[in-house]
Protein chains: 2
Amino acid sequence: MSRQNQKTRDRILTAAWQLLESGGTVRMSDIAKKAGISRQALYLHFPTRADLLVATTRHLDLVKNVDERLAASRAAASGRERLALFVEAWGNYIPEIYGVARALMAMEDSDEEARNAWADRMRAVREGCAAAVMMIEADGLLAPHLSRDTATDLIWTLLSVPNWERLRLNCGWSQQAYIAEMKRLTEAAIIAPGG
Amino acid sequence: MSRQNQKTRDRILTAAWQLLESGGTVRMSDIAKKAGISRQALYLHFPTRADLLVATTRHLDLVKNVDERLAASRAAASGRERLALFVEAWGNYIPEIYGVARALMAMEDSDEEARNAWADRMRAVREGCAAAVMMIEADGLLAPHLSRDTATDLIWTLLSVPNWERLRLNCGWSQQAYIAEMKRLTEAAIIAPGG
DNA sequence: ACACAGCTTGACACGGCGTCAAGTTGACAG
DNA sequence: CTGTCAACTTGACGCCGTGTCAAGCTGTGT
């Protein structure tokens with residue numbers, strides 16, 4: 001993979017990202033045009049649409065430093081704090097990947113690869129949730145009727161992209177309101193009453 | 001619209017419903033085949049795919065008596081009871097329409113008509129949520145930091161189809177567990193602490 | 001005997017994705 | 001200076017699913 005090759009690849013990924021972010025349907029030809037290359041050159045770099053989308057998320061992850069941001073909650077002294085920090089980190093990351101996420105989710109039904117790629121990212125988020133749950137349990141604050149898994153399921157679901165989409169885009173909430181309410185809700189969902 | 005016409009129409013709607021319910025991608029030709037007619041006859045009854053899907057939901061609503069079921073919560077004596085009854089009614093309705101809902105949601109991006117049809121149904125659900133919120137507020141139990149609208153947004157989001165999908169299908173929850181936890185969560189989301 | 005509604009058969013256009021074959025261009029090696 | 005090779009271009013094509021069009025068949029009602 002020569003220098004020129006890498007350069008074009010980056011241009012493609014950036015183009016894809018920008019187009020997806022600005023919404024609407026995005027065709028392969030749109031991306032090629034925006035990247036300033038022919039449609040066929042696109043296929044030389046990414047054999048299928050799914051490949052391109054997957055590569056775009058990986059690229060975004062690199063540029064935006066997800067891992068580091070999601071790991072920030074590790075510094076927390078308590079389970080509650082860890083949960084709050086995680087909600088903040090992930091919740092603020094969603095808008096940055098929303099365009100790509102949407103495209104990937106739309107392909108889930110029809111494309112195995114897209115489905116796996118998205119499931120993978122969601123697994124990473126779930127691990128963040130699980131870590132917070134674990135710490136909360138260690139603090140003796142986990143609601144008694146919930147198992148670790150069930151509690152993880154709950155906050156993982158609360159923090160899903162469709163929920164963000166609904167509250168922010170359909171209901172018109174501000175990002176700040178979303179984060180604040182999600183912190184409260186996730187706590188209410190899994191912390192023992194009176195805890 | 002003669003008798004024969006109506007009969008075929010019903011066969012089509014039933015076929016569409018069964019296929020959508022059993023999952024996977026469903027093409028117009030699949031529906032025609034299942035209904036025992038030609039693909040073209042299908043287009044004589046429903047000019048577009050969106051039309052067919054919309055008609056299928058309306059048909060389901062009739063057969064399944066949604067309105068009546070959602071209205072059941074009106075009998076409630078208290079806001080909390082009303083909320084619980086509504087969660088139960090809607091939460092148990094979701095699995096019955098899930099197949100069609102999925103198809104309709106998948107078309108949201110590309111088709112205006114599908115988007116409107118789905119938004120319409122969701123509006124009906126939202127009204128149910130709003131009614132419960134109203135009654136809870138009247139009981140003096142609405143969490144003080146929430147407006148009526150914000151509270152409605154919250155439980156409406158909690159009760160969304162994607163959340164049901166995630167908990168039941170991804171996380172493997174039983175329907176019973178889903179309903180029970182949703183009752184608890186919606187309460188925790190909007191009822192004043194210690195209420 | 002005729003009309004007409006409801007259907008069938010078979011062909012076609014279109015938009016996206018993905019593929020194929022035959023160039024062009026520019027850098028670098030001998 | 002020549003040859004090679006990688007990166008890219010141009011233009012055509014196949015596939016698939018939706019939606020359209022035209023012509024013909026069939027049973028019922030008048």
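In what follows, every chain begins at residue 1, and chains take the letters A, B, ... in the order their sequences are listed.
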State, without any angle test, whether W156(A) and E127(A) hold a side-chain donor-acceptor pair at a distance under 3.5 Å. no

Do we see a donor-acceptor contact under 3.5 Å between the side chains of Q175(A) and N92(A)? yes

Residues in residues 28-40 of chain B with a heavy atom under 4.0 Å of DNA chain D, by number, are M28(B), R39(B), Q40(B)

Winner on side-chain proximity to Y43(A), out of dG16(C), dG18(C), dT18(D), is dG18(C)

Interatomic distance, L42(B) CG vs dG6(C) C1' [rounded to whole Å]: 14 Å

Take atom CG of L44(B) and atom C1' of dG19(D), then tell me their distance rounded to the nearest Å. 12 Å

Distance test, side-chain N/O of H45(A) to OP1/OP2 of dA7(D), below 4.0 Å: no

Distance check needed: dA7(D) P versus R11(A) CZ, whole Å only. 14 Å

Write down the distance between CZ (R49(B)) and P (dG19(D)), rounded to a whole number of angstrom. 8 Å

Do the side-chain N or O atoms of T8(B) get closer than 4.0 angstrom to the phosphate oxygens (OP1, OP2) of dC7(C)? yes

Side chains of T152(A) and D149(A), donor plus acceptor under 3.5 Å: no

Can you check the K7(A) NZ to dG26(C) P distance for me, whole Å? 14 Å

Side chain of N5(B), heavy atoms from C-beta onward: which of dG6(C), dT18(D), dC7(C) has the nearest atom to it? dG6(C)

Rounded distance (Å) that lies between atom P of dG18(C) and atom CZ of R27(A): 14 Å

Over how many whole Å does the gap from Q6(B) atom CD to dA5(C) atom P extend? 17 Å

Starting at atom CG of L53(A), determine the distance to atom C1' of dC17(C), rounded to an integer number of angstrom. 13 Å

How are the rings of Y98(B) and W164(B) set to each other: parallel, tilted or perpendicular (split at 30° and 60°)? tilted

